[in-house]
Amino acid sequence: MYVSVRKGFSKTLPVIIGYALSIFTAINTCGVTATFVYSRVFQKSNIQNIYENISETDFSRQYKIYIDSFGYSFTADSEKLEEIFKNGENITEETFQYFNGLQKDFDTEENFSEKFRTGYKQILFDLLKSDIPSFVLESPELSENEFDESIKMMYNDDKMLNAVYIEEHFTRTPAISFLKKISFVLTVVAVMIILGFVINRISQFIKGFGTVDHILGIISGIAETAVYFIIISVIIKVLTDAGNNEMIFFNDDTIEKTRIFRHIYNIIIKNTVD
């Protein structure tokens with residue numbers, strides 16, 4: 001703001017216009033760029049990595065190990081689980097009824113449903129985490145039918161088709177979202193550098209109009225500060241995503257403890273790259 005006041009509004013206005021153009025360009029191109037880069041560079045290898053990790057997996061046995069970890073007073077039969085899972089209809093309810101037949105009132109259906117979905121995510125992510133970064137894995141909000149379909153897909157004879165399904169529903173969206181943020185930052189910086197060079201050449205021919213011009217420079221300073229907040233917020237979001245929200249400083253809990261920045265951060269992220 002000091003620099004803007006010293007230079008004056010007339011000389012800093014072109015810079016602010018350049019910054020606005022860089023933000024506008026980034027917002028309107030980062031999604032297309034991220035999708036293009038993902039489809040050309042990462043998608044095929046992700047599908048191949050998923051295929052290699054799930055092709056030899058016995059999901060029923062993996063789920064049996066998961067459910068046994070809760071210490072229920074029964075032992076699940078993986079073959080019975082496979083029968084239920086392959087059927088692909090009302091899987092959560094059918095599994096709950098099977099377990100309830102082994103131990104009456106072993107859990108509430110609501111609690112079990114939550115554990116079932118968590119278990120599926122945990123098993124799937126454990127299979128993929130060696131080759132797929134955790135920050136590009138997500139557990140989407142699936143309807144009951146979609147969830148049943150995702151379980152049934154684990155038993156599809158065409159494992160490549162299953163790999164494509166998992167890539168589409170569990171990795172594609174977060175991967176593109178991450179690339180979108182990186183594309184946004186790079187585009188803003190690149191456009192700012194190019195326009196900055198041109199504007200600096202032009203601004204030397206612009207003459208100020210006295211004291212009022214310098215006072216109005218405050219407006220330019222505020223606008224420039226806003227641009228820096230946007231860039232900083234998106235970079236922090238990239239770091240929190242890449243660090244799986246577990247880095248010492250760059251995590252959601254730390255941001256939420258700030259008095260003012262958390263509001264700026266949430267508004268910027270919501271309205272630019274999300």
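As a basis for the values below, the full set of heavy atoms in this structure was taken, side chains included, without hydrogen atoms, waters or symmetry mates. This chain uses plain numbering: 1 for the first residue, then up along the sequence.
- By the 4.5 Å heavy-atom criterion applied to side chains, M247 and T240 are not counted as neighbours.
- Heavy atoms only, all atoms of each residue included: I23 and V188 are closest at CD1-CG2, 3.9 Å.
- A distance-only check finds no donor-acceptor pair linking the side chain of S177 to the backbone of T173 [under 3.5 Å].
- Ring geometry for F106 against F96 counts as tilted: the plane angle lies between 30° and 60°, on a 0 to 90° scale.
- Annotation: side chain to side chain donor-acceptor pair (under 3.5 Å) contacts of S220 (sequence neighbours excluded): T12.
- Between D253 and K257 there is no salt bridge, since none of the side-chain N atoms of the basic residue sits less than 4.0 Å from a carboxylate O of the acidic one.
- Applying the ring-ring contact (aromatic ring centres under 6.0 Å, His included) test to residues at least two apart or on different chains, the pairs with a partner in residues 245-274 are F261-Y265.
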Throw together a table of side-chain donor-acceptor distances under 3.5 angstrom for residues 71-81, partners on residues two or more places apart or in other chains.
{"from": "Y72", "atom 1": "OH", "to": "D107", "atom 2": "OD2", "distance (Å)": "2.9"}
{"from": "Y72", "atom 1": "OH", "to": "K115", "atom 2": "NZ", "distance (Å)": "2.9"}
{"from": "D77", "atom 1": "OD1", "to": "E79", "atom 2": "N", "distance (Å)": "3.0"}

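- Residues satisfying the ring-ring contact (aromatic ring centres under 6.0 Å, His included) criterion with F178, sequence neighbours excluded, are F135.
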Please tabulate, for the side chains in residues 54-61, all donor-acceptor contacts under 3.5 angstrom to protein atoms that are two or more places apart in sequence or on a different chain.
{"from": "S55", "atom 1": "OG", "to": "Y51", "atom 2": "O", "distance (Å)": "3.2"}
{"from": "T57", "atom 1": "OG1", "to": "N53", "atom 2": "O", "distance (Å)": "3.0"}
{"from": "D58", "atom 1": "OD1", "to": "S60", "atom 2": "N", "distance (Å)": "3.3"}
{"from": "D58", "atom 1": "OD1", "to": "R61", "atom 2": "N", "distance (Å)": "3.2"}
{"from": "S60", "atom 1": "OG", "to": "E82", "atom 2": "N", "distance (Å)": "3.4"}
{"from": "S60", "atom 1": "OG", "to": "Y155", "atom 2": "OH", "distance (Å)": "2.4"}

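- A distance of 6.0 Å or more separates the ring centres of Y66 and Y120.
- S183 meets the side chain to side chain donor-acceptor pair (under 3.5 Å) test with no other residue; sequence neighbours excluded.
- Residue pairs satisfying the salt bridge (charged side-chain N to carboxylate O under 4.0 Å, His left out) criterion with at least one member in residues 156-165, sequence neighbours excluded, are absent.
- Under the salt bridge (charged side-chain N to carboxylate O under 4.0 Å, His left out) criterion, the residue pairs touching residues 233-243 are K181-D241, K237-D241, with sequence neighbours excluded.
- The side chain to side chain donor-acceptor pair (under 3.5 Å) search around T254 returns N251, not counting sequence neighbours.
- The two residues E89 and D148 make their nearest non-hydrogen contact at C-OD2, 4.0 Å.
- With a 6.0 Å radius and a threshold of 12 heavy atoms from other residues, nucleotides or ligands, F36 has its CZ atom at or below the threshold.
- I27 is connected to Y228 through a chain of hydrophobic side-chain contacts under 4.5 Å among Ile, Leu, Val, Met, Phe, Trp and Tyr, so both are in one cluster.
- By the salt bridge (Lys or Arg N to Asp or Glu O under 4.0 Å) test, K7 is found to be paired with no residue, residues two or more places apart in sequence or in another chain being considered.
- Sorted by first and then second residue, the salt bridge (charged side-chain N to carboxylate O under 4.0 Å, His left out) pairs involving residues 166-175 (not counting sequence neighbours) are E167-R172.
- For E52, the side chain to side chain donor-acceptor pair (under 3.5 Å) partners are Q48, not counting sequence neighbours.
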